[in-house]
Each structure stands twice: as structure tokens, then as C-alpha cells.
Amino acid sequence: MREDDSNWFAGWEKELPSQLQLPSSQANSRVVWSQQLHERFLDAVEHFGINHAVPKSIMEFMDVDGLTRVEVASHLQKYRLYLQKMHHLMHAGVGSIS
DNA sequence: GGATGAATAT
DNA sequence: CATATTCATC
């Protein structure tokens, strides 16, 4: 069966590492929200509930060394805008494709 | 007096 | 466009 599928989600078949660490080379640079960082973030938000997820709790649940509350808050704002946009599209009617 | 979040800046 | 910073409010 599918032996050549070894590249399928490489690394995701294992557990996530207990603690991610931002490379020191970007410690003074903008945080690059990689897929794993995003997944940790989404897991935390959905764990607490969209209405109870606050940056400090998310930051502690993610347990990512080097990530600050303000950086999480910045992305949380963007995530909320993403949800709002999607919610708005539902009510607006998804008619205008193109 | 810090945490949160919308607005705003870079 | 993605992230950081500002700022008013809780």
C-alpha cells in the first residue's frame, strides 16, 4: 500500500514537539507564522473557545518560547478578521464569483 | 498598572 | 499583504 506516499504530511504523523522555539536569527525580526505555529494557534483558540480565547491564555497553551503576548494578539486580530470576513460572506450571499 | 483589541503604522 | 506598534479602554 502507498509506499511512495512517504512524503504525505511529512512530520505530521508524529506528535508535535512539546515546545517550539523561534530561531535566534529572527528574534529581532518579524515573526514568521509557519504552518506549525498556525496549527498551535488554532488548537489553542479552539480549545478555549473563540469567545474565551485571549492572547495570554493562547500564548501559554502554545508554549512557544520567544513568542510574546503582543505577537499572539496581532495574529489573533487577523484571525478574527478572517472569521468575520467569512461570516459576512455567508450573509452577503456568495453570488459574485469573478 | 497590566491585558485586551481596534486602528494605524511600517 | 503580513506583522508590529499605538492608543484608548477595561
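Owing to the predicted nature of the structure, the values given are computational and were not obtained by experimental measurement. All values below were derived from every heavy atom in this structure, side-chain atoms included, with hydrogens, water molecules and symmetry-related copies excluded.
Between H87(A) and Q84(A) there is no side-chain heavy-atom pair separated by less than 4.5 Å. Contact check for I50(A) versus R80(A): no side-chain heavy atoms found under the 4.5 Å cut-off.
OP1 or OP2 of dT3(C) has at least one side-chain nitrogen or oxygen of K78(A) nearer than 4.0 Å.
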Run the side chain to side chain contact (heavy atoms under 4.5 Å, CB included) check on F61(A) and V45(A) step by step: do they pass?
CA-CA 9 Å; F61(A) 187 88; V45(A) 170; over 6 Å; no
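Counting to the nearest Å, the P atom of dA6(B) and the CG atom of L76(A) are 9 Å from each other. What separates OH of Y82(A) from P of dC1(C) is a distance of 15 Å, to the nearest Å. For H52(A) and dA3(B), the NE2 to C1' distance is 17 Å, given to the nearest whole Å. Regarding H75(A), its NE2 atom lies at a distance of 11 Å from the C1' atom of dC1(C), rounded to whole Å. As a whole-Å value, the separation of Q77(A) CD from dA7(B) P is 8 Å. In this entry the distance linking CD of E71(A) with P of dT5(C) reads 8 Å, nearest Å. In this structure, N51(A) atom CG and dG5(B) atom C1' are separated by 15 Å, rounded to whole Å. Atom OH of Y79(A) is separated from atom P of dT4(B) by 17 Å (rounded to the nearest Å).
Rounded to whole Å, the P atom of dG1(B) lies 23 Å from the corresponding atom of dC7(C).
Between the CD atom in E71(A) and the CH2 atom in W33(A) there is a gap of 8.0 Å [rounded to 0.5 Å]. Between the CD atom of Q35(A) and the CG atom of L42(A) there is a distance of 8.5 Å, given to the nearest 0.5 Å.
Out of dA3(B), dT3(C), dG5(B), the shortest distance to the side chain of K56(A) is found at dA3(B). The nucleotide whose nearest atom lies closest to any side-chain atom of V54(A) is, among dA6(B), dG5(B), dT5(C), dG5(B).
Using a 4.0 Å heavy-atom distance criterion, R69(A) is classed as a base contact.
Judged by atom type and distance alone, R30(A) reaches the base of dA2(C) through a side-chain donor-acceptor pair under 3.5 Å.
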